[in-house]
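Just so you know, these numbers use all the heavy atoms, side chains as well, and skip hydrogens, waters and symmetry mates.
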Amino acid sequence: MARHLITSALPYINGIKHLGNMVGSMLPADVYSRYLRQRGHEVLYICATDEHGTPAELAAKEQGLPVAEFCAQAHDAQKAVYDGFALAFDYFGRSSSEQNVEITQHFARRLNENGFIEERAIRQVYSPTDGRFLPDRYVEGTCPHCGYDKARGDQCENCTRVLDPTDLINPRSAISGSTDLEVRETKHLFLLQSKLQHEVEEWVSRHEADWPQLASSIARKWLTEGLHDRAITRDLDWGVPVPADTWPELAAEGKVFYVWFDAPIEYIGATKEWADLDPANRDWKSWWYDVDTTVRYTEFMAKDNVPFHTVMFPATELGVREPWKKVDYVKAFNWLTYYGGKFSTSQKRGVFTDQALDILPADYWRYFLIANAPESDDSSFTWEHFTATVNKDLADTLGNFVNRVLSFSKKRFGEEVPAGGEPGEAEAKLGEEIARLLSEYESQMEALQFRKAAAALRALWSAGNSYLEEKAPWLEIKTDKDAAALTLRTAMNLIHLYAVVSEPFIPSTAKTMREAFALADDTATWVTADEARALTALTPGIPFAVPPVLFAKLTDEDLENYKERFGGSPE
């Protein structure tokens with residue numbers, strides 16, 4: 001079996017993330033990781049909080065905390081939410097770790113030795129009102145390319161163009177709003193991406209045919225426009241320090257590496273954090289350095305992060321001139337919108353992940369988000385759509401099937417799986433249909449087509465309902481008790497199959513379904529085609545219990561309450 005290295009875009013430390021962040025990176029990465037583990041692959045799923053940059057400093061100042069303390073608390077708060085969503089990271093690290101500092105400084109030294117870093121004097125925006133140089137993100141203005149009036153000095157979130165603060169029209173301080181800005185000279189380190197353009201183009205050309213069209217088109221667009229040399233240091237107090245042994249003058253001035261330079265390196269840094277917890281049994285370099293072709297590296301991210309991971313970080317890795325593992329497959333997502341408008345952390349618009357867990361258990365959100373993942377285009381979250389999906393797919397199709405099978409069987413046959421007669425034509429037809437749908441589900445999961453995988457999973461659940469309606473055990477029992485028992489035993493085997501194969505999407509519910517049956521040795525991690533056809537994992541006599549309602553139906557009153565609390569439009 002292959003070894004799968006999986007990373008998702010690092011959530012920024014400042015604030016709890018919204019549902020768009022969740023579905024654009026961490027959740028699909030978790031679903032895929034869980035699936036691969038069930039299929040017997042060795043998986044390492046790594047993520048971390050992205051903790052450097054001015055926003056962290058400013059947020060800490062607002063709370064009256066040292067920035068390191070603020071980041072530690074915010075990391076724990078985010079991790080608690082991700083635990084609530086049952087994200088099964090192998091390790092969730094921190095970009096402020098000693099390991100990331102060490103590896104980032106190593107990368108910078110090697111890039112410098114290879115002629116890809118240059119010290120330049122530049123003119124940078126300074127705000128007398130704020131008494132500080134303004135990092136790119138804290139200069140706002142109008143994008144010169146698309147006219148968006150809230151573009152930041154590093155990137156326009158509307159058209160995704162990378163910018164410099166001096167590119168902006170009518171720039172202002174994002175801290176104070178002051179337009180009294182000056183441009184002063186200061187020295188910074190630049191990564192000479194222009195010298196790596198040809199190498200990055202060759203690397204992208206070897207991979208882009210395998211990537212989703214969204215990822216490959218964004219990478220190709222950047223390369224067509226040409227790679228520019230970019231400053232990789234900033235005048236901040238918080239960040240990975242420029243190493244004094246290589247740049248003593250800049251180190252003395254307190255320069256730190258810019259967050260976009262050190263954040264991708266944290267994937268490696270977090271893996272070393274993970275390994276350092278158990279160095280006798282974990283080898284971080286076996287995943288990242290001079291690895292053989294058995295390691296397949298998949299990244300998950302929303303489209304605004306694609307340029308950094310398909311062009312800029314590969315350029316860094318290529319320039320180091322060391323055999324660091326580069327991404328094999330980039331799973332890029334469009335945006336999840338809120339009633340057609342953008343979720344916004346800064347403007348508190350939309351549903352945030354902690355709020356979501358306050359409303360309903362994680363499996364409701366996990367299923368809805370993946371079943372409506374913004375893969376081919378942006379998708380819109382509405383409370384009407386969410387309510388309808390929960391009621392139709394989760395409550396009616398899956399939850400009702402489980403409840404009525406187990407409740408009816410308990411009432412008529414007691415608390416053990418009934419025996420009944422031998423499987424007949426209906427069971428054979430069902431087995432073939434389940435095997436076919438399971439194959440479709442597997443194919444879509446292997447292809448990382450999450451909406452199609454969810455549709456195949458939903459079809460598996462529906463097949464059970466169709467079988468139950470066809471056989472109608474509530475009628476069979478009136479004339480043929482053994483036939484009714486066979487139907488219920490077959491349906492129970494379907495519940496067990498659903499418990500196994502639904503685990504990547506709805507892990508808590510899958511656990512509840514599996515634990516309904518007192519199997520002495522239930523170690524199944526997946527279901528083979530032959531097992532799907534036979535549906536005999538549960539034999540007569542196995543005790544079972546009727547679990548609580550798996551999914552509560554959402555009412556019109558619930559819908560109105562949600563809309564009143566969060567709004568029924570993006571405004």
Side-chain angles (χ1 to χ4, degrees), residues 11 14-28 30-31 77-87 302 333-375 377-403 450-451 454-455 457-458 461 502 505-510 512 547-571:
N14 193 9
I16 299 297
K17 306 302 125 184
H18 54 66
L19 294 182
N21 299 129
M22 178 62 70
V23 74
S25 58
M26 290 176 284
L27 180 56
D30 177 73
V31 171
Q78 286 200 28
K79 182 59 165 58
V81 172
Y82 304 145
D83 288 344
F85 268 86
L87 301 184
F333 290 87
N334 288 281
W335 281 315
L336 178 71
T337 66
Y338 184 73
Y339 284 87
K342 289 184 179 179
F343 280 81
S344 174
T345 301
S346 60
Q347 298 178 37
K348 303 296 183 186
R349 187 173 61 232
V351 187
F352 290 77
T353 49
D354 57 343
Q355 297 169 328
L357 294 178
D358 284 342
I359 297 170
L360 291 166
D363 282 358
Y364 290 71
W365 301 103
R366 288 178 63 102
Y367 176 79
F368 173 83
L369 291 171
I370 293 297
N372 297 280
E375 292 177 295
D377 205 347
D378 291 351
S379 61
S380 178
F381 177 92
T382 70
W383 286 109
E384 292 84 355
H385 188 200
F386 175 74
T387 300
T389 300
V390 167
N391 288 347
K392 182 175 183 294
D393 294 358
L394 297 179
D396 288 345
T397 304
L398 177 61
N400 186 49
F401 176 78
V402 172
N403 182 265
F450 291 100
R451 292 181 73 145
L457 181 61
R458 185 189 310 119
W461 299 342
S502 302
F505 280 70
I506 47 173
S508 178
T509 306
T512 298
V549 173
L550 297 182
F551 295 100
K553 292 196 74 166
L554 304 181
T555 65
D556 290 342
E557 183 180 357
D558 291 326
L559 172 61
E560 292 308 313
N561 287 339
Y562 299 150
K563 291 176 67 175
E564 182 178 354
R565 176 176 174 183
F566 296 98
S569 73
E571 299 303 326

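The minimum heavy-atom distance between G84 and A362, with the atom names listed, is O-CB, 3.2 Å. Here the closest non-hydrogen pair linking A86 and R366 is O-NH1, 3.4 Å. The two residues A395 and N391 make their nearest non-hydrogen contact at CB-O, 3.5 Å. When all heavy atoms of K392 and T397 are compared, the pair lying nearest together is O-OG1, 2.7 Å. Closest of all the heavy-atom pairs between A356 and F85 is CB-CZ, 4.3 Å. The two residues F505 and A454 have their closest heavy-atom pair at CE2-CB, 3.6 Å.
W383 pairs in a ring-ring contact (aromatic ring centres under 6.0 Å, His included) with only one of the listed residues (Y338, F368, F566), which is F566. Applying the side chain to side chain contact (heavy atoms under 4.5 Å, CB included) test between F381 and each of T337, V351, V23 identifies V351 as the sole match.
To the nearest 0.5 Å, atom OG1 of residue T389 and atom CZ of residue R458 are 7.5 Å apart. Summarising the geometry, atom CG belonging to L336 is positioned 8.5 Å from atom CG belonging to D378; distances are rounded to the nearest 0.5 Å. Rounding to the nearest 0.5 Å places CD of Q355 at 7.0 Å from CD1 of I359. Note that the CG atom of D30 and the CE atom of M22 stand 9.0 Å from one another [nearest 0.5 Å].
For the pair I16 and Q78, the minimum side-chain heavy-atom distance is below 4.5 Å. L360 has its side chain within reach of L554: a pair of non-hydrogen atoms, C-beta onward, lies under 4.5 Å apart. Side-chain contact between T512 and V402 is absent, with no heavy atoms from C-beta onward closer than 4.5 Å. L87 is listed as a side-chain neighbour of L27, based on a closest heavy-atom distance under 4.5 Å. Counting heavy atoms from C-beta on, the side chains of E384 and Y339 come closer than 4.5 Å. Side-chain atoms of R451 and S379, non-hydrogen and from C-beta on, do get closer than 4.5 Å to each other.
For N334 (side chain) and E375 (main-chain N/O), a donor-acceptor pair under 3.5 Å exists by modelled atom type. Between the side chain of D558 and the main chain of T555, a donor-acceptor pair closer than 3.5 Å is present. For the pair S502 (side chain) and A510 (backbone), a donor-acceptor distance under 3.5 Å is absent. A donor-acceptor contact shorter than 3.5 Å is absent between the side chain of Y364 and the backbone of L394. Side-chain atoms of N403 never come within 3.5 Å of backbone atoms of N400 as a donor-acceptor pair (strictly under, hydrogens ignored).
The residues D396 and K553 are annotated as salt-bridged, a charged nitrogen and a carboxylate oxygen being separated by less than 4.0 angstrom.
Applying the side-chain hydrogen bond (donor to acceptor under 3.5 Å, both in side chains) rule to T509 yields the partners D363; only residues at least two apart in sequence or on another chain are considered.
Other residues, nucleotides and ligands place no more than 12 heavy atoms under 6.0 Å from the CG atom of D556.
Two rings, from F386 and W365, have their centers less than 6.0 Å apart.
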Derivation and outcome, ring pair (Phe, Tyr, Trp, His ring centres under 6.0 Å), residues Y367 and W461
CA-CA 13 Å; Y367 176 79; W461 299 342; 5.5 Å; yes

